**Student:** 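Dropping the structure in here first, questions after.
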Amino acid sequence: MLDVMRIREDFPILAQEVNGHPLVYLDNAATTQKPRQVIEALVRYYETTNANIHRGIHTLAVRATEQYEATRDAVATHIGAINASDVVFTRNTTESINLVARAWGDEHVGEGDEIVLSLMEHHSNIVPWQLLARRKGAVLRYINVTDEGELDLDHARALIGPRTKIVSVVHMSNVLGTINPVAEIAAMARAHGAVTLVDGAQSAPHLPIDVSTLGCDFFAFSAHKMLGPTGVGVLWAKPGLLEAMQPFLGGGDMISVVRPEASTWADVPHKFEAGTPNIADVIAFSAALDYLKALGMTNVREHEKQITAAAIDALMAVEGIRVHGPLDVEKRGGAVSFTVDGIHPHDISTIVDQYGVAIRAGHHCAQLLMRRLEVPATNRASFYIYNHTGEVEALIDALDHAFRIFHRAESRTAVR
Ligand code: 7TS
């Protein structure tokens, strides 16, 4: 189990008050806070190492290159990848998905081909495919979401067929928390010769990940949602796939030989890392991975199951609150969306913020899912390693204030 109070000491930002109340940060699905170890790694890099990588032969350049490549090794280990060379650094999950839609999609998707997504995707796993479909005359298909907030696997089985070229689905929903059976879906795709991309933006931070058993071809995630700095994303590809793909962006660092009429490419993964990358933040990401490793991802998952169960129980005990998504914590992670009868999510989140509680309200970049849920927006509390059940109570208390403002008296008594 995690020692949450000990962990909190590593996060300077959590020690503050917001609007006169202790900060209760429950917006971890948007981005997580950073431990001192990550902040110090960033400062240390600029104070001792700063240099451009892969080109200089002076001492600092060599040191920076080694640290940058060491992070690639750490990422590979974190997700169970066999080769570090199958790990590409991008800016974020969004860029990783765009890379695949361009570099793999332009080559393999043609007119009338089908791209299978789901109704619970984040916009970053929809729009790149819409752009590809428009470029190529391909067709988008969406796997339905059941009333329980899970992917409809019968529908998936019916949609994925001989015309399917790629299936791209989210591993853990940023709205419903649902953990999708991506290995099963990847097997459906494979049976028809299609490849699978898994959007791991919400799973890599919260679950033990082993890409070799997921059975997918591409896996994308962002450092900033797992204690790391902003501006660093990861794309993992199954061995051999990157070699067969054309570059996404052209420029320095990604070439072998440049001639007036044409160029040849550097080996993978450098072929996909044009220009000076985000060296400092990649290197600091190592400290985040070390931090998670020391905690153990199984412990991270267990902690989140506990706090998510506590949050769901507490929210469901309040009359007029509806929790969206699976209620069984074995089937879900710690992004908990809820709506309150008669009070708009934006009003709720503005009021609870007055009590120091940071939650998110809106469509969470998942407008197709909002339509499926038949709501314009939801409130979302999302948890991480430094949250404790006292903060769930703080959320419920803050909600109580919102209810009072909207002249509803029942909440407090209903909760207890
Ligand atoms: N996919 C999922 C499932 C996500 O939750 C997000 C970000 C992304 C992709 C995009 O990640 P990015 O790092 O490229 O921006 N989700 C959220 C969120 O739920 N609130 O803010 C960002």
Side-chain angles (χ1 to χ4, degrees), residues 25-34 75 88-102 117-131 142-143 145 149-151 167-180 182 185 196-207 209 214 216 218-236 248 278 281-282 285 288 304 324-325 332-338 345-346 349 358-370 372-373 375 377-384:
Y25 185 78
L26 303 179
D27 194 16
N28 293 287
T31 198
T32 64
Q33 300 303 345
K34 322 303 172 198
V75 168
V88 176
F89 286 119
T90 61
R91 283 185 305 143
N92 45 39
T93 307
T94 304
E95 186 176 300
S96 297
I97 297 172
N98 275 275
L99 191 164
V100 177
R102 278 276 177 186
L117 312 173
S118 88
L119 287 182
M120 68 165 79
E121 300 310 316
H122 187 280
H123 296 164
S124 73
N125 196 27
I126 297 172
V127 181
W129 305 113
Q130 290 177 335
L131 293 170
Y142 292 91
I143 303 168
V145 173
E150 295 175 33
L151 289 185
V167 178
S168 193
V169 287
V170 66
H171 197 180
M172 185 195 287
S173 164
N174 66 319
V175 176
L176 302 173
T178 318
I179 299 170
N180 290 318
V182 287
I185 292 168
T196 305
L197 184 151
V198 170
D199 173 354
Q202 298 293 343
S203 62
H206 304 280
L207 303 178
I209 298 291
L214 280 184
C216 60
F218 299 103
F219 188 84
F221 59 101
S222 298
H224 71 93
K225 293 184 196 289
M226 51 197 298
L227 309 178
T230 50
V232 177
V234 171
L235 173 69
W236 169 84
F248 171 44
N278 190 348
D281 292 305
V282 165
F285 182 33
E304 287 180 24
H324 300 271
R332 59 164 303 139
V336 182
S337 270
F338 59 97
H346 287 144
S349 93
I359 61 171
R360 186 168 170 194
H363 55 60
H364 314 290
C365 300
Q367 290 184 6
L368 302 188
L369 183 57
M370 293 299 118
R372 170 66 184 88
L373 299 175
V375 294
T378 70
N379 302 285
R380 182 187 67 189
S382 53
F383 302 96
Y384 209 27

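For the numbers below, each heavy atom of this structure counts, side chains included, while hydrogens, waters and symmetry mates do not. Remember, it's 1-based here, ligands and their atoms both numbered in the order they're listed. Model, not experiment: these values are computed from the prediction.
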**Student:** Among all residues two or more places apart in sequence or in another chain, which pass the salt bridge (charged side-chain N to carboxylate O under 4.0 Å, His left out) test with Arg360?
**Tutor:** none

**Student:** Heavy-atom cut-off of under 4.0 Å around ligand 1: list whichever protein residues fall inside it, by chain and number.
**Tutor:** Ala29, Ala30, Asn92, Thr93, Thr94, His122, Ser124, Val170, Asn174, Asp199, Ala201, Gln202, Ser222, His224, Lys225, Arg360, Arg380

**Student:** For atom CZ of Arg91, is the number of surrounding heavy atoms from other residues, nucleotides or ligands below 6.0 Å larger than 12?
**Tutor:** no

**Student:** Strictly distance-based, threshold 3.5 Å: is any side-chain N or O of Asn174 a donor or acceptor partner for the main-chain N or O of His122?
**Tutor:** no

**Student:** Which residues pass the ring pair (Phe, Tyr, Trp, His ring centres under 6.0 Å) test with Phe221, not counting sequence neighbours?
**Tutor:** Phe219

**Student:** Of the non-hydrogen atoms in His364 and Asn379, which two are nearest, and what is the gap between them?
**Tutor:** NE2-C, 4.4 Å

**Student:** Taking only residues two or more places apart in sequence or in another chain, which ones pass side chain to side chain contact (heavy atoms under 4.5 Å, CB included) with Ser96?
**Tutor:** Thr90, Ala220, Leu235

